[in-house]
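Pasting a structure here, questions to come.
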Amino acid sequence: MTTSIDVLGDLPTTAAHAADLFIATTRRQPEGPVHVVLTGGSTGIAVLRAIGARSSEIDWSRLHVWWGDERFVPAADADRNDRQADEALLAHVPIDAANIHRVAAADGPLGDDPDAAAAAYADELARHAPPGESCPRFAVLMLGVGEEGHTASIFPQSPAATDPNVACAVRDCPKPPPTRVSLTFPTLSAANEVWLMTTGAGKAPAVAQAINGADPLDIPAAGPRGRVLTRWLLDEAAASALPARD
Ligand code: 6PG
């Protein structure tokens, strides 16, 4: 498994680079559906906007969209990662609504039960998985990174960090809103390519610890790795604690 560290000048150039890579990566997938996983957070949404600016370059009829985590709030709540993705990209492209795989909302048919929402998401992932596997072979799985090293909604020393299921409920999350649904480490590493995308000096210590092999229980961003490639997409500030690069 290969690791690539791409360092760009700032958030806009990092997002533009991620869009470039997204278009190229989705285009080179073998025939059939192309499964991708999106992330919330400021960097993740900026990347979706950058993809949206070039959306005509993507064959949306092939794309299936999932989320690495979702805030467990009512469907219309602006905090929902899927709502922010709709506004940044999905509402503006010709993707089949059935291929947008949303996590159940707190006011949805499953009720205010994040465990039920996590189980239902795992079932949906399984329905699109190759025989004998629990989820699709995601072409690209995007993740953000928190200042203390969280990724998706897996926080340091949290139950989610050791949850063996495909997806899990997260309660009392340090980053609001407090209740979420998250894919777990095994699922996050089911992707061919895992992209950890973050910007800003506040993320630099966690980025350096994750790249230098920290314990994923302490720095969850150290956990997810692609089957083929793990790509770090960073601005100079987020990369500033890494060893000097030639
Ligand atoms: C979420 C995200 C979360 C996010 C990081 C980074 O639902 O909040 O999935 O993992 O990506 O917290 O967020 P920022 O890029 O805004 O710092």
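If you're wondering where the values come from, they're calculated on a predicted model, not measured in any experiment. Whatever order the structure lists ligands and atoms in, that order sets their numbers, starting from 1.
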Problem set entry | Nearest-contact summary for atom 16 (O) of ligand 1 - protein heavy atom, Å |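 Going atom by atom, the protein heavy atom closest to atom 16 (O) of ligand 1 ends up being Ser42 N, 2.7 Å.
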
For this session: For Val145, counting its heavy atoms only, list the atoms of ligand 1 lying under 4.0 Å from any of them.
Result: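 That gives atoms 6 (C) of ligand 1.
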
Problem set entry | Asn81: numbered ligand 1 atoms lying under 4.0 Å from its heavy atoms |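 Those of ligand 1 that fall under 4.0 Å from Asn81 are 7 (O).
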
Problem set entry | atom 17 (O) of ligand 1 - nearest protein heavy atom and its distance |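 Heavy-atom neighbour on the protein nearest atom 17 (O) of ligand 1: Lys203 NZ, 2.5 Å.
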
Exercise. How far is atom 7 (O) of ligand 1 from its nearest protein heavy atom, and which residue and atom is that?
Worked result: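 So the nearest neighbour among protein heavy atoms is Arg71 NE, 2.7 Å.
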
Exercise. Which word best sums up how the rings of Phe138 and His35 line up, parallel for under 30°, tilted for 30 to 60°, or perpendicular for over 60°?
Worked result: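 Rings of Phe138 and His35: perpendicular, as their planes differ by over 60°.
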
Exercise. Do Phe185 and Pro224 come close enough that some side-chain heavy atom pair is under 4.5 Å?
Worked result: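 SC-SC contact between Phe185 and Pro224 confirmed.
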
Problem set entry | Identity and separation of the nearest protein heavy atom to atom 13 (O) of ligand 1 |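 Closest protein heavy atom to atom 13 (O) of ligand 1: Lys175 NZ, 3.4 Å.
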
Exercise. Can you tell me how far the CE atom of Met142 sits from the CG atom of Leu196, to the nearest 0.5 Å?
Worked result: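 Result: 11.5 Å between the selected atoms.
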
Problem set entry | Identified side chain to side chain contact (heavy atoms under 4.5 Å, CB included) partner of Trp67 from the options His101, Arg102, Arg80 |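 The option that passes is Arg102.
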
Problem set entry | Close-contact set for ligand 1 against Arg180 heavy atoms, below 4.0 Å |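 It comes down to these atoms of ligand 1: 1 (C), 7 (O), 8 (O).
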
Exercise. By number and element, which atoms of ligand 1 are closer than 4.0 Å to a non-hydrogen atom of His150?
Worked result: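 What qualifies from ligand 1 is 3 (C), 5 (C), 10 (O), 12 (O).
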
For this session: For Gly144, take its heavy atoms, then give the atoms of ligand 1 lying under 4.0 Å from any of them.
Result: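 What qualifies from ligand 1 is 11 (O).
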
Exercise. Counting only heavy atoms, which portion of Ser153 has something under 4.0 Å from ligand 1: side chain, backbone, both, or neither?
Worked result: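 Neither; nothing of Ser153 gets under 4.0 Å from ligand 1.
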
For this session: Count the heavy atoms belonging to other residues, nucleotides or ligands that lie under 6.0 Å from CG of Asp172, then report whether that count exceeds 12.
Result: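 Open: at most 12 neighbouring heavy atoms sit under 6.0 Å from CG of Asp172.
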
Exercise. Numbering the atoms of ligand 1 from 1, which are under 4.0 Å from a heavy atom of Thr39?
Worked result: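 Every atom of ligand 1 under 4.0 Å from some heavy atom of Thr39: 9 (O), 11 (O).
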
Exercise. How close does the nearest protein non-hydrogen atom get to atom 11 (O) of ligand 1, and which residue and atom is it?
Worked result: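 I find the closest protein heavy atom is Gly40 O, 3.0 Å.
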
For this session: Answer with yes or no whether the hydrophobic clustering places Val170 together with Leu143; edges join I, L, V, M, F, W, Y residues whose side-chain heavy atoms lie under 4.5 Å apart.
Result: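 Different clusters.
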
Exercise. What residue and heavy atom of the protein are closest to atom 10 (O) of ligand 1, and at what distance?
Worked result: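 Ranking protein heavy atoms by distance from atom 10 (O) of ligand 1, first comes Ala152 O, 2.7 Å.
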
Exercise. Short list, please: which atoms of ligand 1 are under 4.0 Å from a heavy atom of Asp69?
Worked result: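 Numbered from 1, ligand 1 contributes 1 (C), 2 (C), 7 (O), 9 (O).
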
